[in-house]
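Have a look at the structure below, then the notes.
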Amino acid sequence: MKKFQIAMPQTIEQVTSILPAEKGTYYLLAGGTDLLGEIKDEIIEPEAVVDLKTIPNLSYIKKENDGVRIGALTTVAELAEDPLIKQDYPGLHEAAISVATPQLRNVGTVGGNLCQRPRCWYYRDSQTECLKKGGAKCFAYRGRNKYHAIFGGGLCYFVHPSDLAPALISLDAEISIATPKKEKTIPLADFFTLPKVNVRQENILNSNEVLKEIKIPPAKAGEKSTYYKFKERGAWDFAVVSAALKANVSRGVFKDIKIVSGGVAPIPWRLEKIEKTIKGKKVTEDLIKKAAREALKDAKPLKENEYKKELLEVILSRAVLSLA
Ligand SMILES: Cc1cc2nc3c(=O)[nH]c(=O)nc-3n(C[C@H](O)[C@H](O)[C@H](O)COP(=O)(O)OP(=O)(O)OC[C@H]3O[C@@H](n4cnc5c(N)ncnc54)[C@H](O)[C@@H]3O)c2cc1C
């Protein structure tokens with residue numbers, strides 16, 4: 001591992017002023033569960049690491065009139081254990097407890113989880129110079145692509161690894177981003193970008209910007225949410241396919257529903273076609289399966305991951321029926 005400098009700022013303003021405006025070799029460090037792995041595996045070679053943990057007051061879960069605010073340095077464990085999150089946003093609680101292991105949840109942060117880098121095995125192999133690392137091609141496209149994207153691919157076919165992202169987007173979360181000028185607030189759904197926008201990064205953050213806070217609107221009366229995650233094994237694992245749902249159901253009729261899937265695309269993938277079919281109806285297993293099959297016609301599986309279509313259909317129908 002090459003030596004690097006470490007900065008320990010006291011304020012977020014110091015962070016945005018330390019970070020260079022051009023993408024380079026400065027990296028933000030939160031819990032380090034992803035970043036340190038990337039450094040040790042020589043996927044990245046930082047010149048400097050800027051530690052966010054030395055900034056006070058970036059870890060909190062606060063209930064306010066306009067919703068719940070979550071500081072970027074809140075750990076995944078704190079989110080998972082919070083009684084308010086459990087009660088008002090069960091889908092987010094389920095997503096949080098599905099992340100990694102207790103040790104990783106104790107250290108990994110919510111901000112780091114949303115900004116974590118792809119798990120694609122070609123990207124994580126230091127000897128492979130794929131598109132994401134400035135190379136000329138995506139090796140997964142014609143190579144081993146069992147875990148890769150069935151939606152939104154093109155150029156690069158990784159899947160976004162975060163469990164929290166689909167759950168938070170299904171809850172209409174917004175995020176605040178600290179910049180060298182004014183703080184900006186955007187829907188979390190607009191944070192993630194497809195490879196065709198910029199194949200080297202997964203979100204809209206400029207190199208001198210920091211994800212500061214996540215805000216979830218108050219849960220409405222009658223609103224339910226859930227998170228279904230299919231893993232290849234019982235122990236810790238990333239989602240092969242997942243589905244986050246928020247719905248308003250009255251006597252089995254879906255007045256409203258939002259579905260965001262994980263593990264299927266380079267960004268959390270909204271399934272609007274299925275939402276439209278279900279909205280206003282009393283859902284049966286047949287209806288949801290038919291809706292899922294229709295929506296899955298848009299999928300473009302690679303050689304080894306056609307199976308994800310069937311998996312998605314199954315977890316979607318289980319998740320929708322559980323809310324019904
Ligand atoms: C063995 C293992 C299993 C895992 N399993 C899962 C899983 O099942 N589900 C899942 O969702 N995740 C999983 N993860 C990923 C883990 O959840 C995330 O690594 C963790 O939440 C990241 O948080 P962190 O604070 O450690 O991030 P760090 O490692 O510190 O940072 C991760 C990335 O985000 C950037 N970053 C961090 N904070 C900010 C910020 N506030 N603003 C801008 N950029 C920022 C860093 O520069 C870095 O690129 C797993 C990781 C490991 C090692």
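Numbering of ligands and ligand atoms starts at 1, following listing order.
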- Query: Numbering the atoms of ligand 1 from 1, which are under 4.0 Å from a heavy atom of Asp163?
  - Reply: 7 (C), 8 (O), 9 (N), 10 (C), 11 (O)
- May I ask whether Lys212 has any heavy atom positioned less than 4.0 angstrom from an atom of ligand 1? no
- Only heavy atoms count here, so choose which of Ser242, Gly112, Ala178 is nearest to atom 37 (C) of ligand 1. Gly112
- Query: Given Leu79, Val50, Leu211, which has its nearest heavy atom closest to atom 41 (N) of ligand 1?
  - Reply: Leu211
- Item | Same apolar cluster: Ile55 and Val49, side chain cutoff 4.5 Å | no
- Are Glu64 and Arg69 close enough for a salt bridge, meaning some N to O gap below 4.0 Å? yes
- Spacing of Lys289 atom NZ and Leu296 atom CG [to the nearest 0.5 Å]: 12.5 Å
- Message: Could you tell me, atom by atom, which parts of ligand 1 come under 4.0 Å of a heavy atom of Leu205?
- Response: 43 (C)
- Query: Do any nitrogen or oxygen atoms of Arg119 lie less than 3.5 angstrom from nitrogen or oxygen atoms of ligand 1?
  - Reply: no
- Query: What is the closest protein heavy atom to atom 33 (C) of ligand 1, and at what distance does it sit?
  - Reply: Cys115 O, 3.5 Å
- Task: Below 4.0 angstrom from a heavy atom of Asp237, which ligand 1 atoms are there? Numbered from 1 as shown, please.
- Result: 8 (O)
- Task: Consider only side-chain N and O atoms of Glu94 and Tyr228, and report whether a donor and an acceptor are under 3.5 Å apart.
- Result: no
- Full working for side chain to side chain contact (heavy atoms under 4.5 Å, CB included) between His160 and Ile267: CA-CA 5 Å; His160 203 283; Ile267 56 173; 5.6 Å; no
- Message: Would Ala100 count as being in polar contact with ligand 1, using the rule that some N or O on each side must be under 3.5 angstrom apart?
- Response: yes
- Can Val197 be reached from Ile177 by stepping across I, L, V, M, F, W or Y side chains whose heavy atoms are under 4.5 Å apart? no
- Looking only at heavy atoms of Ser98, does any of them come nearer than 4.0 Å to an atom of ligand 1? yes
- Message: Using a plain distance cutoff, I'd like to know if Leu35 has any nitrogen or oxygen under 3.5 Å from a nitrogen or oxygen of ligand 1.
- Response: yes
- Using the rule that two of Ile, Leu, Val, Met, Phe, Trp, Tyr join whenever any of their side-chain heavy atoms come within less than 4.5 Å, decide whether Ile214 and Leu205 are in one cluster. yes
- Message: So for ligand 1, is Ala30 a polar contact partner (N or O within less than 3.5 Å, distance only)?
- Response: yes
- Answer with yes or no whether the side chains of Asn113 and Ser162 bring together a donor and an acceptor at under 3.5 Å. yes
- Side chains of Tyr89 and Glu223: donor-acceptor distance under 3.5 Å anywhere? no
- For Ile85 and Val68, what are the C-alpha separation, side-chain angles and deciding distance, and is it a side chain to side chain contact (heavy atoms under 4.5 Å, CB included)? CA-CA 9 Å; Ile85 301 291; Val68 175; 4.3 Å; yes
- So which bit of Pro161 gets within less than 4.0 Å of ligand 1, heavy atoms only: side chain, backbone, both or neither? backbone
Per-pair distances, 0.1 Å, donor-acceptor, side chain in residues 236-246, under 3.5 Å, sequence neighbours excluded:
unit_1 : atom_1 : unit_2 : atom_2 : d
Ser242 : OG     : Tyr227 : OH     : 2.9
Ser242 : OG     : Gly262 : N      : 3.1
Lys246 : NZ     : Asp172 : OD2    : 2.6

- Query: Does Lys281 count as lying over the ring of Phe254, i.e. NZ or CZ under 6.0 Å from the six-ring centre, within 45 degrees of the axis?
  - Reply: no
- If you scan protein heavy atoms around atom 39 (C) of ligand 1, the nearest is Leu52 CD1, 4.0 Å
- Show your working on side chain to side chain contact (heavy atoms under 4.5 Å, CB included) between Leu19 and Ser207 and close with a plain yes or no. CA-CA 7 Å; Leu19 293 169; Ser207 53; 6.0 Å; no
- Task: Consider every N or O of Arg117 and every N or O of ligand 1, then say whether any pair is closer than 3.5 Å.
- Result: no
- Item | atom 12 (N) of ligand 1 [closest protein heavy-atom partner, distance rounded to 0.1 Å] | Gln116 NE2, 3.3 Å
- Query: Looking only at heavy atoms of Leu58, does any of them come nearer than 4.0 Å to an atom of ligand 1?
  - Reply: no
- Note on the structure: Exactly one candidate in Glu232, Lys308, Arg119 meets side-chain hydrogen bond (donor to acceptor under 3.5 Å, both in side chains) with Tyr147; the answer is Glu232
- Is the backbone of Cys130 close enough, under 3.5 Å, to the side chain of Thr128 for a donor and an acceptor to pair up by distance? no
- Give the numbers and elements of all ligand 1 atoms closer than 4.0 Å to a heavy atom of Gly31. 24 (P), 25 (O), 26 (O), 30 (O)
- Closest protein heavy atom to atom 13 (C) of ligand 1, given as residue, atom name and distance to 0.1 Å: Phe238 CE2, 3.1 Å
- Asn113 N/O under 3.5 Å from ligand 1 N/O: yes
- Location of contacts on Lys229 toward ligand 1, heavy atoms closer than 4.0 Å: side chain
- Query: Is any N or O atom of Ala72, backbone or side chain, closer than 3.5 Å to an N or O atom of ligand 1?
  - Reply: no
- Query: How far is atom 26 (O) of ligand 1 from its nearest protein heavy atom, and which residue and atom name does that atom have?
  - Reply: Thr33 OG1, 2.6 Å
- For Ser162, is the nearest heavy atom under 4.0 Å from an atom of ligand 1? yes
- Message: Below 3.5 Å, N or O to N or O, backbone or side chain included: is there any such pair between Glu38 and ligand 1?
- Response: no
- Any side-chain heavy-atom pair of Tyr60 and Glu213 under 4.5 Å: yes
- Starting from atom 28 (P) of ligand 1, locate the nearest protein heavy atom and write down its residue, its atom name and how far away it is, to 0.1 Å. Gly32 N, 3.4 Å
- Task: Would you mind telling me if ligand 1 is within reach of the side chain of Leu104, the backbone, both or neither, using heavy atoms under 4.0 Å?
- Result: side chain
- Message: Does any N or O of ligand 1 fall below 3.5 Å from an N or O anywhere on Gly108, backbone included?
- Response: no
- Protein heavy atom at shortest distance from atom 23 (O) of ligand 1: Thr109 N, 3.2 Å
- Message: So for ligand 1, is Leu28 a polar contact partner (N or O within less than 3.5 Å, distance only)?
- Response: yes
- Query: Is there a donor-acceptor pair closer than 3.5 Å between any side-chain N or O of Asn305 and the backbone N or O of Leu302?
  - Reply: yes
- Message: Tell me the contacting part of Thr101 for ligand 1: side chain, backbone, both, or neither, using a 4.0 Å heavy-atom threshold, strictly below.
- Response: neither
When the side chains of residues 314-324 are checked against the rest of the protein, which donor-acceptor pairs come out under 3.5 Å, sequence neighbours left out?
unit_1 : atom_1 : unit_2 : atom_2 : d
Ser317 : OG     : Glu313 : O      : 3.2
Ser317 : OG     : Val314 : O      : 3.1
Ser322 : OG     : Ala319 : O      : 2.7

